Protein chains: 2
Amino acid sequence: MRNQNQKRITLADVARHAGVTTMTVSRYLRTPLQVAPVTGKRVAAALEQTEYVANKQAGILASGTSTMVAAIIPNIAHSIFSETVQGLSDVLELHGFELMLASSGYSLEREQKQIRAMMGWAPFALVLTGRHHTPHSLHMLQAAHAAGTPVVEMWDHTSSLPEFAHIGFDHAAAGALMAEHFVSRGYQDLMYVDSGVVQDFRAHERAKGFAQTARNLGVKTRSLQAMSGNPVAAGRQLLKELVGSQPLPRAIAFANDQLAVGALLEAIDQNIAVPEKMALLGFGDFPMAAQIGGGLSTVATPCYEIGQSVGQWVVNCRSGPQAKLSRESGNKKLPALLHPQLIHRHTS
Amino acid sequence: MRNQNQKRITLADVARHAGVTTMTVSRYLRTPLQVAPVTGKRVAAALEQTEYVANKQAGILASGTSTMVAAIIPNIAHSIFSETVQGLSDVLELHGFELMLASSGYSLEREQKQIRAMMGWAPFALVLTGRHHTPHSLHMLQAAHAAGTPVVEMWDHTSSLPEFAHIGFDHAAAGALMAEHFVSRGYQDLMYVDSGVVQDFRAHERAKGFAQTARNLGVKTRSLQAMSGNPVAAGRQLLKELVGSQPLPRAIAFANDQLAVGALLEAIDQNIAVPEKMALLGFGDFPMAAQIGGGLSTVATPCYEIGQSVGQWVVNCRSGPQAKLSRESGNKKLPALLHPQLIHRHTS
DNA sequence: ATGAAAGCGCTAACAT
DNA sequence: ATGTTAGCGCTTTCAT
C-alpha cells in the first residue's frame with residue numbers, strides 16, 4: 001500500500017522555490033534570526049506556497065532529539081487517568097510536544113511490551129504510572145534513562161529507581177487519612193472495601209494504610225474486596241450481601257467513588273440512614289460525588305494536576321544545556337509530592 | 001540536553017556481534033525465512049545479547065511507512081471519548097500500531113493546529129472526531145489522503161469529504177428515536193436539554209432530530225441549553241430553575257446522561273415523581289445509568305465499539321498491495337453506520 | 001542466502 | 001549570512 005500519487009513536499013522543494021539551499025530554509029524554520037530579513041521573506045513565501053510540513057522523523061534522526069512524550073497508563077477509560085492524560089496533554093501541547101499513549105490494562109507484562117515499543121520511538125521522555133514494573137521493564141527504563149531519556153512515574157510517592165522522577169502522593173497516608181476521619185467522627189467499627197482489580201497496587205496500599213491506622217487508634221476494622229466489573233454495580237451488590245449476612249459496620253471506606261456510590265444507592269434503597277446508621281467514604285471526588293445522596297464524603301485526588309505537573313516536569317527537562325541540572329535542581333520548584341484532601345460532605 | 005553517556009544500540013552493533021552485515025539482521029527482523037537457519041541463530045543470539053530495540057524513525061524514513069496512528073478527539077476526560085480511545089488503542093496495539101493522541105477541547109482551530117502537528121509525523125492513518133473541520137483542516141486532510149494516508153472520521157454518519165471513511169451513527173436519527181420513545185409512552189409535552197458546549201455539533205443534531213420528530217408527531221416541544229461546567233450540577237440547576245418558573249414539561253430528554261442524572265437527583269430531592277409526574281431520558285448509557293433512581297432510561301451508544309471499528313478499519317488498510325482496494329472493498333465488511341439503542345428503564 | 005551501494009529528509013559542524 | 005559536506009539508522013534495490 002501507500003502508493004502516494006502526490007508526493008509529500010520536502011525541504012528541497014521549498015528551497016528550490018525560494019532559490020536558496022535547504023540549510024537556509026532549515027535555519028529559517030528553527031532560528032529565523034540567523035537568516036537575513038530579505039531571504040527570510042522569500043523563504044516564508046515559499047513555505048506558504050508549498051504548504052510545507054516538516055518531516056519529524058527526519059528531523060529527529062538527524063538531530064537526535066524528539067518532541068514526542070510516551071505515556072503508559074493502566075486504563076484510559078478510568079476517569080482519574082483520563083483526566084491525568086488530559087492534563088498531561090494540555091501542557092505538552094502548549095510547549096510543542098506530542099503525546100503517544102498506551103494503556104496497559106493494569107498488566108505489568110503488557111506494560112513491559114509497551115515500554116519496548118515506546119522505546120523504539122526514542123521519545124523525549126517516558127511517563128509511567130506507579131512504581132511497580134517487571135524486572136525487565138525496570139532494566140529497559142534504566143537503560144533509557146542512562147541514554148538520556150527522562151523517566152517519570154505518576155501517582156505514587158516514590159519511584160521504582162532513585163534516578164526516576166515521581167509525581168503523586170502517598171497512598172498509605174491517604175488510607176490513614178480516611179481511617180482518621182472516621183475515628184475523629186466517633187465511628188469505632190470500620191470496614192475498607194478494596195478494589196477488585198488485583199494489580200491496582202495503589203488501592204491496596206490505601207487499604208493497608210487504613211487498616212494499620214485504625215488498629216493504631218484502637219478501633220475495630222475489617223477488609224473486603226469488591227468484585228471486578230462495573231464498580232457501581234459491585235458497590236451495590238456488596239452492600240446488599242453485607243446487609244443479608246452480618247451486623248453492619250458503622251462506617252465503610254471504599255477504594256473509589258464508584259464503589260461508594262453503588263453502596264450509597266443501595267443504602268438509600270434499603271432505607272439505611274446514611275450517615276446516622278452507616279457512614280460511607282469514597283475516594284477520588286469524581287464529578288458526581290458532590291451531587292449524590294446529599295453529597296458523598298470522599299478524598300479529592302488532584303488527577304488533572306498530576307498530569308499537568310508531569311507535563312511541566314518533562315518540559316523543564318528540555319531547557320538548560322545540562323540535562324542533569326535541569327532534571328534535578330531545575331525541577332525543584334515542582335512538587336513531587338501532592339496531597340489528597342478529605343472532603344467531608346453528608347455521608348460521613 | 002540529551003547528552004547520552006550510553007549510546008543506543010544500532011543495527012550495526014548487532015551485525016558486528018553476529019559477524020554479518022546490517023542487511024542480514026534487518027532481514028532476520030522482518031522476513032526471517034529469507035535468512036539461513038544457521039545465520040538466523042547467530043543473529044538471534046546477538047539480538048538477545050545487545051538488547052537491541054529498532055529505531056522506528058530510521059525505519060519509517062527509509063521505508064516510507066509508519067506504524068503510528070494519529071487521533072484527535074474533543075476531550076479525553078469525557079467518558080464516551082475515553083472509551084472510544086480505549087477501544088481504538090486496544091485494537092491498534094494488537095496489530096503492532098502505536099497511538100498518538102491529541103485533544104482539541106472542541107475547538108476547530110486547535111484541531112487544525114493538531115492536524116498540522118500530526119502530519120509532521122507522517123502517520124499511517126489519521127483519525128478525527130466528527131465531520132466538522134475548518135476549511136484549512138479539510139485542505140490538509142485532503143492532501144494527506146491524496147498522499148496515501150487513510151483518513152477516518154468517528155462518531156458521525158457521514159464524512160466531511162466523500163473519500164474519507166466514517167464510523168458512527170446518525171445523531172439526528174438518535175434524537176428522533178428519543179422523541180418517538182416519549183410519544184410512544186404517551187407523553188405530549190416534551191423538552192430537550194441541549195449540551196452547553198457550543199461546538200458539540202453532534203448534540204445539537206440530536207436536538208434538531210428530537211424537535212423535528214416531535215413536531216411531525218404533533219407533539220409540543222421546547223428546547224433549552226444547559227450551562228457549561230460540571231454537567232451533573234448543570235442538570236440539577238436546570239431542573240431547579242424549571243420548577244421555580246414555569247409549568248413542568250411532561251418529559252425531558254437530555255444531551256447526555258450526566259445532565260439527566262443531575263436532573264433526576266434534583267427531582268428526587270424535590271419529591272417529583274419520576275416518571276409519573278415527569279419522565280427523564282438520558283443519552284450515552286454511562287456506567288451509572290442503570291444504577292440510579294431505579295434505572296435511568298437512556299440511549300446506549302457503542303463508544304468502545306466505535307473505537308474498535310476504527311482501529312480495525314485502519315488495520316485493514318495495511319493489508320493488500322493496493323491501498324484503494326483495501327480501503328474501499330476490503331473494508332466493506334466493517335459497518336460504517338452503527339445504531340444507538342434506546343434502553344427503557346425506570347425514568348420514562 | 002548474503003552483501004554493497006544508495007538514499008529516505010533532515011540537521012550538525014564546518015567552511016566561506 | 002549562506003553554502004557544503006557528512007551522516008543520523010535504517011531499508012530498498014540491485015548485485016553476487
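Reminder, nothing fancy here: chain letters follow the sequence lines and each chain counts from 1. Just so it is clear, the structure is predicted and the values come from calculations on it, not from any experiment.
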Which whole-number value in Å describes the distance from [X] [atom1] to [N] [atom2]?
X: A/Lys7; N: C/dC8; atom1: NZ; atom2: C1'; result: 9 Å
X: B/Leu11; N: D/dG9; atom1: CG; atom2: P; result: 10 Å
X: A/Arg27; N: C/dA12; atom1: CZ; atom2: C1'; result: 10 Å
X: A/Ile60; N: C/dG9; atom1: CD1; atom2: C1'; result: 12 Å
X: A/Lys56; N: D/dG9; atom1: NZ; atom2: P; result: 19 Å
X: A/Lys41; N: D/dA1; atom1: NZ; atom2: P; result: 15 Å
X: B/Trp121; N: C/dG9; atom1: CH2; atom2: C1'; result: 14 Å
X: B/Met119; N: C/dG9; atom1: CE; atom2: C1'; result: 15 Å

Measure the shortest side-chain to side-chain distance between [X] and [Y] over non-hydrogen atoms and say whether it is less than 4.5 angstrom.
X: A/Thr84; Y: A/Val310; value: no
X: A/Phe97; Y: A/Leu88; value: no
X: A/Asp13; Y: A/Thr10; value: yes

5' priority, DNA chain D, between A/Val20 and B/Leu29 [closest heavy atom]: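 Upstream on the strand: A/Val20.
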Between B/Met23 and B/Gln57, which has a closest nucleotide on DNA chain D that is more 5'?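 Whichever sits nearer the 5' end wins; that is B/Gln57.
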To the side chain of [X], which of [options] is closest?
X: B/Thr24; options: C/dG3, C/dC8, C/dG9; value: C/dG3
X: A/Ala62; options: D/dT11, C/dT11, D/dG9; value: C/dT11
X: A/Ala58; options: C/dA1, D/dT11, C/dG9; value: C/dG9
X: A/Ser63; options: D/dC8, C/dA12, D/dT11; value: C/dA12

Any sub-3.5 Å donor-acceptor pair from B/Ser159's side-chain atoms to B/Leu161's backbone N or O?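 Yes.
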Touch class at under 4.0 angstrom, heavy-atom based, for A/Tyr28 against every strand present: nothing
Let me spell it out: for each of B/Gly40 and B/Leu61, pick the nucleotide of DNA chain C with the closest heavy atom. Which residue's pick is nearer the 5' end? B/Gly40
B/Ala36 or A/Thr22: which one's nearest nucleotide on DNA chain C is closer to the 5' end?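 Between the two, 5'-proximity favours B/Ala36.
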At under 4.0 Å, does any side-chain N or O of [X] touch on OP1 or OP2 of [N]?
X: B/Arg30; N: D/dT12; result: yes
X: B/Tyr52; N: D/dC10; result: yes
X: A/Thr21; N: D/dT4; result: no

Give me the one residue out of A/His133, A/Arg131, A/His166 that meets side-chain hydrogen bond (donor to acceptor under 3.5 Å, both in side chains) with A/Glu153.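 When side-chain hydrogen bond (donor to acceptor under 3.5 Å, both in side chains) is applied between A/Glu153 and each of A/His133, A/Arg131, A/His166, only A/His133 qualifies.
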